[in-house]
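Both backbone and side-chain heavy atoms feed into the values below; hydrogens, waters and symmetry mates do not.
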Amino acid sequence: MPELVMQLTRAGFLALLWLFVLAALRVVRSDLYAASGVRVAVPGFRRGSLKGSRGKTAKQLVVTHGALAGTRISLDGRPILLGRADDSTLVLDDDYASTRHARLSLRGTDWYLEDLGSTNGTYLDRAKVTAPTRVPLGVPIRIGKTVIELRS
């Protein structure tokens, strides 16, 4: 009888080990999928809606999700620094945000998002930002658990 119990215990530990390995692979796969820049449809955002918003300019930055949800910053043309640093324009209390995470800057009439070498990356509409990228109105910008948008 003790031999049977020992074999069942070994089989149980082996099954738990395989479940852990599969869970770890699932997490790695989801991280790679998110970082690959694959475009995914976002509810409420259509490509045709960009044509109507070309003439509109962004007047405010709105935090839509995260600890600072509901926060609004008026845009006056100066660059917006996003991060955990106390001197940031929008100080993010987010474990996944870097000290100097990203910057929004005005070029002509368009706002551009630039990642400042953050550890966890900056995402625009689920695509990882690797170079300065134009930000259309209403398109979500994700930094860790915080989501922000430009609005008119």
For this session: Look only at the side chain of Asn120 and the backbone of Tyr96, and say whether a donor-acceptor pair between them is shorter than 3.5 Å.
Result: yes
Exercise. Within the side chain of Thr64, is there an N or O that forms a donor-acceptor pair under 3.5 Å with the backbone of Val147?
Worked result: yes
Seminar exercise, completed: The single option from Asp110, Leu61, Asp125, Leu104 that satisfies side-chain contact (heavy atoms from CB on, under 4.5 Å) with Val135 is Leu104
Problem set entry | Euclidean distance, Asp76 CG relative to Gln60 CD, rounded to 0.5 Å | 13.0 Å
Exercise. Are the side chain of Thr9 and the backbone N or O of Val5 linked by a donor-acceptor pair below 3.5 Å?
Worked result: yes
For this session: Working to the nearest 0.5 Å, report the span between CZ of Arg78 and OG of Ser105.
Result: 14.0 Å
Seminar exercise, completed: CD of Glu149 to CG of Leu137, rounded to nearest 0.5 Å, is 9.5 Å
Seminar exercise, completed: Heavy-atom nearest pair, Arg103 first then Pro79, reads CD-CB, 4.1 Å
For this session: Check Leu90, Thr122, Asp94 against His101 for a side-chain contact (heavy atoms from CB on, under 4.5 Å) and give me the one that passes.
Result: Thr122
Exercise. Is the shortest distance from a Lys or Arg side-chain nitrogen in Asp87 or Arg100 to a carboxylate oxygen in the other one below 4.0 Å?
Worked result: yes
Problem set entry | Contact check, side chains of Leu75 and Ile80, non-hydrogen atoms, under 4.5 Å | yes
Exercise. Out of curiosity, Ile148 CD1 to Leu82 CG, how far, rounded to the nearest 0.5 Å?
Worked result: 4.5 Å
Exercise. Can you tell me how far CG of Leu113 sits from OH of Tyr123, rounded to the nearest 0.5 angstrom?
Worked result: 12.5 Å
Problem set entry | Contact summary for Arg84 and Val91, nearest pair of heavy atoms | O-CG1, 3.9 Å
Exercise. Centre of Tyr112's six-membered ring, under 6.0 Å away, within 45 degrees of the axis: is that where NZ or CZ of Arg107 sits?
Worked result: yes
Exercise. Using a distance-only test with no angle check, is there a side-chain donor-acceptor pair under 3.5 angstrom linking His65 and Thr146?
Worked result: no
Problem set entry | Value rounded to 0.5 Å, distance of CZ in Arg134 from CH2 in Trp111 | 14.0 Å
For this session: Treating Ile, Leu, Val, Met, Phe, Trp and Tyr as nodes and any side-chain heavy-atom pair under 4.5 angstrom as an edge, say whether Leu106 and Leu150 lie in one connected cluster.
Result: yes
For this session: Answer yes or no: is there a donor N or O on one side and an acceptor on the other, between the side chain of Ser98 and the main chain of Thr119, under 3.5 Å?
Result: yes
